[in-house]
Protein chains: 2
Amino acid sequence: MSDPTPGLNSQQLGAYFALMEVSSLLQYAVEEHLRADGDLSYVQFEILARLVDASEGRLRMTDLADGLVYSRSGLTYQVGLLDKRGLITRSPSPDDERSVIVSVTAAGRDLIARVLPGHVDRVRQLLIEPMTGEDLTALGAILGRVRDHMRANPPRSAKPRAARNRTT
Amino acid sequence: MSDPTPGLNSQQLGAYFALMEVSSLLQYAVEEHLRADGDLSYVQFEILARLVDASEGRLRMTDLADGLVYSRSGLTYQVGLLDKRGLITRSPSPDDERSVIVSVTAAGRDLIARVLPGHVDRVRQLLIEPMTGEDLTALGAILGRVRDHMRANPPRSAKPRAARNRTT
DNA sequence: TATTGTTATACTCTATAACTATA
DNA sequence: TATAGTTATAGAGTATAACAATA
């Protein structure tokens, strides 16, 4: 027997919709800025930001792929674009000849440095400004817990089997 | 640690990152389910859900477009797909011959009814379950305020769709 | 054999601009 | 002229599968 799955109550629905709309608007605004100011997609920004953050400014492709929600081919595509623009370089790993080490270039660091202030401005203006200090603390704590829960229950493994429903 | 990102403190950054990651994972999970269970993209689901919610199950294209963050051509494309599948119909408006009325069909309602339980399950499992009742109340209230703020301050410097400036 | 990464390919989605028709 | 919607088109992005190289 399947569990009874009553719909969400209005409070739960409200939180869900608010989350989706807020993140959607924020994402839209942030992507618009990154594109206009640095000709970067959000994914590309994320890749560069991770590299800038990483020790010595380099990471293996696999490490990058694990952090993002992307397929490997998609990552190769995006990294290829960054490579063409001279924002990163790729080199074989000395430890493991199969691996590729991605490194930020000075140009890549410069671009992030140039784009970051405007990025932060948008985030502050849209997300931070309307919140009180208490709101901020609460939001960070709650979403932090939710994130941990989501990481522990990855949606991908929640549906390991591609068993398609037969025509009902 | 030195301040890595001038402008946002670690608490603000934490809330921002948590929001982006939570919404990203939730969006991913939900889209995966809708695709697998109903062969629907999230946009298509949103369109159908709005129509089901609307009075008499119909809305004008313009009303649909206003609710979503889409270009008109993008909406036409998606509605066209739904039309091909018999989930909606399009008819000229009696009031204004320029307008097109989009109506959900019985098949469209059936599909939403079939997909909704699984959709709700995912949302509950990922987002609702890890939160206490207090969390839920707080999250809804905070994000509701943020949403209102975002709506009031649309960062659309690059999308002057509405005729706000007539001196051009 | 398993893992790392690339490539070839096909497909979905989105936006811009030109277009029709109505107001 | 302005608005509602469609179409043509072009481009970005993504995933899958086949592939080569290394562990």
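First the proteins, then the strands, lettered A, B, ... as listed; each starts at 1.
- Atom pair B/Phe45:CZ and C/dT12:P shows a separation of 21 Å (rounding to whole Å applied).
- Taking only distance into account, the side chain of A/Ser73 meets the base of D/dT16 through a donor-acceptor pair shorter than 3.5 Å.
- Taken to the nearest 0.5 Å, the CD1 atom of B/Ile47 stands 8.5 Å off from the CD1 atom of B/Ile88.
- Computed from coordinates, the B/Leu59 CG to D/dA4 P distance equals 15 Å when rounded to whole Å.
- In this structure, of D/dT16, C/dC13, C/dA15, it is D/dT16 that holds the atom nearest to the side chain of A/Ser71.
- Atoms CG (A/Leu40) and C1' (D/dG13) sit 15 Å apart, rounded to a whole Å.
- D/dG5 atom C1' lies 13 Å from atom CG of B/Asp63, rounded to whole Å.
- Phosphate proximity of C/dT6 to A/Arg72: absent, as no side-chain N or O sits under 4.0 Å from OP1 or OP2.
- Checked by atom type, the side-chain pair A/Ser41/A/Glu31 shows no donor-acceptor distance below 3.5 Å.
- No donor-acceptor contact under 3.5 Å links the side chain of B/Thr62 to the base of D/dA4.
- Considering only heavy atoms from C-beta on, B/Met20 stays 4.5 Å or farther from A/Glu46 through its side chain.
- Less than 4.0 Å separates DNA chain D from at least one heavy atom of each of the following residues of residues 89-100 of chain A: A/Asp96, A/Glu97, A/Arg98.
- In this structure, A/Glu46 places its CD atom 15 Å from C1' of D/dG13, rounding to the nearest Å.
- At the phosphate of D/dA15, neither OP1 nor OP2 sits under 4.0 Å from any side-chain N or O atom of A/Tyr70.
- Side-chain proximity of B/Thr76 to the nucleotides D/dT6, D/dG5, C/dT6 is greatest for D/dT6.
- The side chain of A/Tyr77 approaches D/dA12 more closely than any other nucleotide in the set C/dG5, C/dT16, D/dA12.
- Remark: C1' of C/dT22 and CE of B/Met61 are 16 Å apart, rounded to the nearest angstrom.
- Between B/Met131 and A/His149 the shortest side-chain heavy-atom distance does not fall below 4.5 Å.
- B/Ser99 and B/Arg60 get closest at one heavy-atom pair: OG-NH1, 3.6 Å.
- Proximity of residues 78-85 of chain B to DNA chain D (heavy atom under 4.0 angstrom from any strand atom) is not detected for any residue.
- Under 4.0 angstrom from either OP1 or OP2 of C/dC11 there lies no side-chain N or O belonging to B/Arg35.
- Each of A/Leu116, A/Val120, A/Asp121 was scored for a side chain to side chain contact (heavy atoms under 4.5 Å, CB included) with B/Leu8, with one residue passing: A/Val120.
- We find that CG of A/Leu75 is positioned 8 Å from P of C/dT6, with the value rounded to whole Å.
- Between A/Glu21 and B/Arg151, some side-chain heavy-atom pair lies under the 4.5 Å cut-off.
- Annotation for B/Leu127 and A/Tyr16: closest pair CD2-CA, 3.9 Å, computed over non-hydrogen atoms.
- In this structure, B/Ile101 atom CD1 and D/dT6 atom P are separated by 12 Å, rounded to whole Å.
- When side chains are defined from C-beta on, A/Phe45 counts as touching A/His119, because their heavy atoms get closer than 4.5 Å.
- Annotation for B/Tyr77: hydrophobic cluster partners, listed by chain and number, are B/Leu81 (ILVMFWY side-chain heavy atoms under 4.5 Å, direct or chained).
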